[in-house]
Amino acid sequence: MSRYDPSAIEPKWQAAWEDQQTFRAVRSEDKPKYYVLEMFPYPSGRIHIGHVRNYTMGDVIARYKLATGHNVLHPMGFDAFGMPAENAAMASGGHPKDWTYSNIDTMVSQMKPLGFGLDWSRMFATCDPEYYGQQQALFLDFLEAGLVYRKNAVVNWDPVDMTVLANEQVIDGKGWRSGAEVERRELTQWFFKISDMSEELLDALDGLDDWPAKVKLMQANWIGKSRGLQFAFSTIDAPEGHDRIEVYTTRPDTLMGASFVGISPDHPLARHLEQDNPDLAAFNADCRKGGTTEEALEKAEKRGFDTGLRVRHPFDTAWELPVYVANFILMDYGTGAIFGCPAHDPRDLEFARKYDLPVVSTFASSEDEGHTLPEDGGPAYVPPKTETVIYVRGFAGETEQTGAAAIDAAIDFCEQNGVGHGVTKFRLRDWGLSRQRYWGCPIPVVHCDACGVVPEKKENLPIALPYDEDGTAIDFSVPGNPLDRHPTWRDCACPTCGQPATRETDTMDTFVDSSWYFARFTAPRADTPTNLDDAAYWMNVDQYIGGIEHAILHLLYSRFFARAMHVTGHLPEKCKEPFNALFTQGMVTHAIYQTKGADGRPVYHYPEDVDLRDGKGFLKDGTEVQIIPSAKMSKSKNNVVDPVAIIQQYGADTARWFVLSDSPPERDVEWTASGAEAAAKHLGRVYRIAAEVAGAEEAPTAEDDALLREMHKAIHDVTGGIESFGFNASIAKLYGFTNTLAKSKAGSDAKRQAAKALAQLMSPMTPHLAEEIWALLGGEGLVAKAPWPVAEEAMLVEDTITLPVQVNGKRRDEISVPKDMDKAEVEKLALATDGVTRALDGASPRKVIVVPGRIVNVVA
RNA sequence: GCGGGCGUGAUGGAAUGGUAGACAUAUCAGACUUAAAAUCUGAAGGGGAUUUCCCCGUGUGGGUUCGAGUCCCACCGCCCGCACCA
């Protein structure tokens with residue numbers, strides 16, 4: 001008998017799929033369509049075991065849907081623009097384009113041996129001019145539709161390298177290469193008007209039934225709808241034009257607890273006052289240093305500067321409040337000014353204590369639990385708005401009411417008394433897409449002295465990136481954007497007046513590239529961004545799979561893009577929510593093996609250099625290593641597993657089986673050598689069993705029925721596992737069913753039937769092995785195309801069931817009863833058991849709960 | 001700092017509010033073998049009693065329930081995101 005040899009069978013079946021175009025997506029009306037998509041990879045260089053897991057999950061779905069009679073679209077491409085290509089060119093010469101395409105070639109050649117059922121004919125990279133040219137066309141249509149505009153926005157500026165830095169390149173407020181303290185600089189940039197769709201993007205989350213609740217919640221919080229009061233404090237002796245300070249608050253019910261007014265360092269009043277106040281100017285300048293991330297701002301120590309200016313409280317003109325400039329107030333949320341209520345906001349409380357400002361509670365807990373009030377040194381009191389509290393300094397509504405009711409009452413009161421008006425605000429900001437970098441999609445506009453900012457003509461698209469300058473390769477070792485200093489690329493004719501003009505040198509955020517690729521896959525060679533017929537047929541993506549790290553930005557931007565593409569006629573109405581179902585998968589992790597070097601720093605060791613014995617690890621020289629389990633794979637920690645090596649050692653099916661087997665798909669899975677070994681052994685066993693069954697000639701036996709019942713259970717459970725993304729549970733069932741088959745004394749016909757079902761059930765996970773044993777067992781055609789087996793209901797039900805019997809929730813015995821025995825009968829049997837008699841110890845039961853088919857609980 | 005999630009044997013994990021630990025790894029024992037590998041069979045949460053039993057046990061502390069790993073509250077730890085990383 002031949003042995004299981006993946007290196008022989010895997011290429012054979014891959015060639016068969018290729019020959020028969022098994023996974024080519026073809027439109028036809030006779031079958032339902034199914035579009036499954038995994039988030040496409042960045043071409044970083046080599047594929048990672050995490051990619052293997054991600055694409056294997058999608059492949060299981062794709063192959064399962066093919067077998068259940070769907071036209072399946074399962075494409076692959078590359079998210080190919082971005083900083084790493086420029087960094088590589090900067091670090092080791094070469095050109096981002098060459099680096100990127102060479103990486104793509106490598107990764108494709110590494111992915112093909114994994115046997116994914118992909119339609120490779122649809123592949124593209126976002127750095128292909130054919131793709132980004134269509135993206136430029138989309139941009140022009142969005143511009144015409146009023147979905148894009150220009151405004152000033154701040155960027156991180158490295159004053160030494162004279163270049164804009166990404167947030168990632170700012171480390172502890174300093175530039176990553178120069179080490180210089182980062183400054184903020186204003187530039188005119190392009191923005192997508194995503195905020196116009198805030199309400200719609202929020203409301204539509206409700207309809208996404210097959211998205212994880214946590215992702216919808218994160219998006220809802222990110223969009224951040226709030227209802228509040230906008231009103232003004234009148235200033236006392238303020239500079240001209242600043243007699244009012246507009247503030248926005250979501251807690252107008254706490255107005256009587258106001259203790260100060262805070263304005264952003266970028267507020268017009270702060271900018272005015274700093275002109276003749278050098279101390280304030282220095283304070284503001286200091287606030288404008290450091291990174292621009294929300295995290296950096298929130299974590300920074302709360303600092304303020306007393307302007308000396310005072311304002312009057314809107315309810316009491318005799319009540320004056322100081323005006324501080326404070327570093328934690330953002331100019332681009334609300335009005336750039338707040339009123340501080342320290343009793344009910346932890347941040348305001350920290351600030352008030354630091355600057356010795358009054359703390360006044362406006363409401364208190366309705367439960368008398370002896371809370372320390374904030375004015376007595378306790379924490380800020382911020383109960384959920386749904387909780388009923390007692391207003392000690394209320395001015396509208398009831399004394400005892402929920403925060404939400406108090407807010408509504410406060411807004412009504414203020415509106416009636418001419419103090420401001422209720423407004424709805426969103427946290428979501430417009431999406432700035434300009435990047436001052438080379439390796440991205442050029443923004444197709446022209447700057448003309450006479451005509452201003454002019455869109456490029458569509459017939460001139462794509463506006464392609466220049467490869468050379470003056471016939472020599474662009475020099476990336478110089479910081480800054482090479483497009484800016486390119487000798488000729490900027491020169492062009494104004495599309496409107498024809499006079500000499502210059503191109504925009506900013507390129508687009510790479511999130512733009514990934515916000516519509518799923519639509520492009522439906523017609524990847526169309527000479528318009530999409531083909532409406534193809535989009536109408538293939539869209540939406542029925543199942544989208546990717547990492548939780550994309551829960552907010554990528555998914556929100558894609559949802560915006562789908563709407564914008566509908567508005568501009570590039571997608572049908574039904575595509576406004578482009579992803580019907582979303583699944584967020586976990587990472588593949590690996591232990592880290594480390595020892596301490598002579599300098600006390602950790603030294604990391606490759607897994608192949610470590611021997612594992614009794615749960616401990618040793619180097620070749622006997623030194624014990626410290627094992628850190630389940631760490632994110634990282635090149636610098638030497639704990640990266642290379643899929644190529646795994647395929648060479650065990651074959652693709654083993655890699656695919658293992659990444660699905662050990663953990664639920666949404667959780668991280670730890671790659672272990674022993675786990676991979678075990679997967680390989682199991683597949684070898686399946687092969688042996690199938691080969692044995694294929695050659696057997698035995699008469700039917702009394703055990704045929706039992707085996708076939710197990711087969712139907714396996715069909716039912718494995719199918720259920722695949723449908724619900726419980727791949728690990730499906731695999732556990734397949735282990736169990738394989739054991740049953742191996743031990744079965746059934747006749748050869750029943751065994752062959754069971755083995756063929758096993759081949760089919762395994763085919764989405766281990767497609768090559770499944771094809772091989774399917775052929776061995778005399779299966780017709782490719783198992784990939786064979787109709788998925790269906791479990792017979794009648795074979796799934798047992799006549800007799802075992803019920804556990806509990807006393808006070810603790811299991812004491814069990815009874816075996818016919819499945820439809822009535823409750824009274826079950827109760828009688830349960831009470832008669834030894835375990836119950838013993839546990840009751842003469843006492844009489846107070847109550848007996850019988851859950852049919854489940855459990856019996858005796859309450860003593 | 002803010003938003004979201006996770007926490008179960010030595011290990012990865014299973015468990016529509018209903019027998020906690022399926023399945024697998026590692027471990028131990030046995031079969032086959034001159035031996036090893038491979039393969040096959042079996043044991044196994046902790047503690048006590050010793051064949052059939054009892055107690056404890058799902059990060060910690062409370063709560064709801066006939067019944068909680070699962071639901072609620074608080075805390076601890078870890079992970080993801082925070083708008084120019086992809």
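Convention: sequence-line order gives letters A, B, ...; per-chain numbering from 1. No hydrogens, no waters, no symmetry mates; every other heavy atom, side chains included, goes into these values.
- Across B:G3 and B:C55, the matching C1' atoms stand 44 Å from one another, rounded to whole Å.
- Nucleotide B:C80 holds its P atom 12 Å from the CD1 atom of A:Ile548, rounded to whole Å.
- The existence of a salt bridge linking A:Glu827 and A:Lys823 is excluded, since no basic side-chain nitrogen approaches an acidic carboxylate oxygen closer than 4.0 Å.
- One donor-acceptor pair, N or O on each side, does fall under 3.5 Å between the base of B:C66 and the side chain of A:Asn857.
- B:C71 is paired with B:G63 under the criterion used here, namely a Watson-Crick or G-U wobble arrangement in which both key atom distances are under 3.5 Å.
- Contact check, A:Lys810 against B:C56: a side-chain N or O comes under 4.0 Å of OP1 or OP2.
- Here the side chain of A:Arg435 is nearest to one of B:G81, B:C82, B:C84, namely B:C84.
- Among the atoms of the strands shown, none is found under 4.0 Å from any heavy atom of A:Leu556.
- Using cut-offs of 30° and 60° for the angle between ring planes, the A:Phe727 and A:Phe725 rings count as tilted.
- On a pure distance criterion of 3.5 Å, a polar donor-acceptor pair joins the side chain of A:Arg437 and the base of B:C84.
- Within the nucleic acid shown, A:Gly432 comes within 4.0 Å of sugar-phosphate atoms alone, with no base atom in reach, counting heavy atoms only.
- Between B:C56 and B:G1, the two C1' atoms lie 41 Å apart (nearest whole Å).
- Nucleic acid contact class of A:Lys733 (heavy atoms, under 4.0 Å, all strands): none.
- A donor N or O paired with an acceptor N or O is found under 3.5 Å between the base of B:C84 and the side-chain atoms of A:Gln436.
- At the heavy-atom level, A:His682 lies nowhere under 4.0 Å from the strands shown.
- Taking for each of A:Ile552 and A:Lys214 the nucleotide of RNA chain B with the nearest heavy atom, the 5'-most of the two is the partner of A:Lys214.
- Backbone-only engagement by A:Pro664 is indicated by non-hydrogen atom pairs under 4.0 Å involving sugar-phosphate atoms exclusively.
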Determine, step by step, whether A:Phe192 and A:Tyr557 satisfy the ring pair (Phe, Tyr, Trp, His ring centres under 6.0 Å) criterion, reporting the C-alpha distance in whole Å, the side-chain angles of both residues, the deciding distance to 0.1 Å, and the verdict. CA-CA 10 Å; A:Phe192 287 122; A:Tyr557 290 158; 8.4 Å; no
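- Geometrically, A:Arg184 does not engage A:Trp157 in a cation-pi contact defined by less than 6.0 Å to the ring centre and at most 45° from the axis.
- Rounded to whole angstrom, the span from the CG atom of A:Leu553 across to the P atom of B:C85 amounts to 9 Å.
- Nucleotide B:A68 holds its P atom 11 Å from the CG atom of A:Asn808, rounded to whole Å.
- Contacts of A:Arg846 with the nucleic acid, taken as non-hydrogen atoms under 4.0 Å apart, are absent.
- Nucleic acid contact for A:Lys743: sugar-phosphate only, since backbone atoms but no base atoms lie under 4.0 Å from a heavy atom of the residue.
- In this structure, CD of A:Gln585 is placed 17 Å from P of B:C6, rounded to the nearest angstrom.
- Within the nucleic acid shown, A:Arg347 has no heavy atom closer than 4.0 Å to any nucleic acid atom.
- Against the 90° criterion about 0, the sugar-base torsion of B:G81 places it in the anti range.
- If you take CD of A:Gln189 and P of B:C84, they are 9 Å apart, rounded to a whole angstrom.
- Searching all strands for a Watson-Crick or G-U wobble partner of B:A15 with both distances below 3.5 Å returns nothing.
- One interatomic measurement links the two molecules: CG of A:Asn156 to P of B:C85, which rounds to 9 Å at whole-angstrom precision.
- Among the protein residues, A:Leu217 comes within range of the sugar-phosphate backbone only, with heavy atoms under 4.0 Å from sugar or phosphate atoms but none that close to a base.
- A:Lys681 has its NZ atom 18 Å from the P atom of B:C23, to the nearest Å.
- A:Glu295 contributes a side-chain N or O that forms a donor-acceptor pair with the base of B:C82 under 3.5 Å.
- Here A:Ala551 lies out of heavy-atom contact (under 4.0 Å) with every strand.
- Mapping A:Ser674 and A:Val215 onto RNA chain B by nearest heavy atom places A:Val215 closer to the 5' end of the strand.
- Looking at A:Asn739 and A:Arg685, their side chains do bring a donor and an acceptor atom within 3.5 Å of each other.
- A:Lys354 contributes a side-chain N or O that, together with a main-chain N or O of A:Lys302, makes up a donor-acceptor pair within less than 3.5 Å.
- No side-chain donor-acceptor contact under 3.5 Å links A:Gln189 to the backbone of A:Leu433.
- Figure legend: cation-pi geometry between A:Lys713 and A:Phe737 absent, as NZ or CZ is not positioned both under 6.0 Å from the six-membered ring centre and within 45° of its axis.
- The CG atom of A:Leu555 sits 18 Å away from the P atom of B:C80 (whole-angstrom rounding).
- Among the atoms of the strands shown, only primed sugar atoms or phosphate atoms (P, OP1, OP2) are found under 4.0 Å from some heavy atom of A:Val859.
- Checked by distance alone, A:Arg812 brings no side-chain donor or acceptor within 3.5 Å of a matching partner on the base of B:U19.
- Nucleic acid contact class of A:Phe328 (heavy atoms, under 4.0 Å, all strands): none.
- Residue contacts shown for A:Asp834 are absent, as no nucleic acid heavy atom lies under 4.0 Å away.
- No contact: A:Gly736 has no heavy atom under 4.0 Å from any strand.
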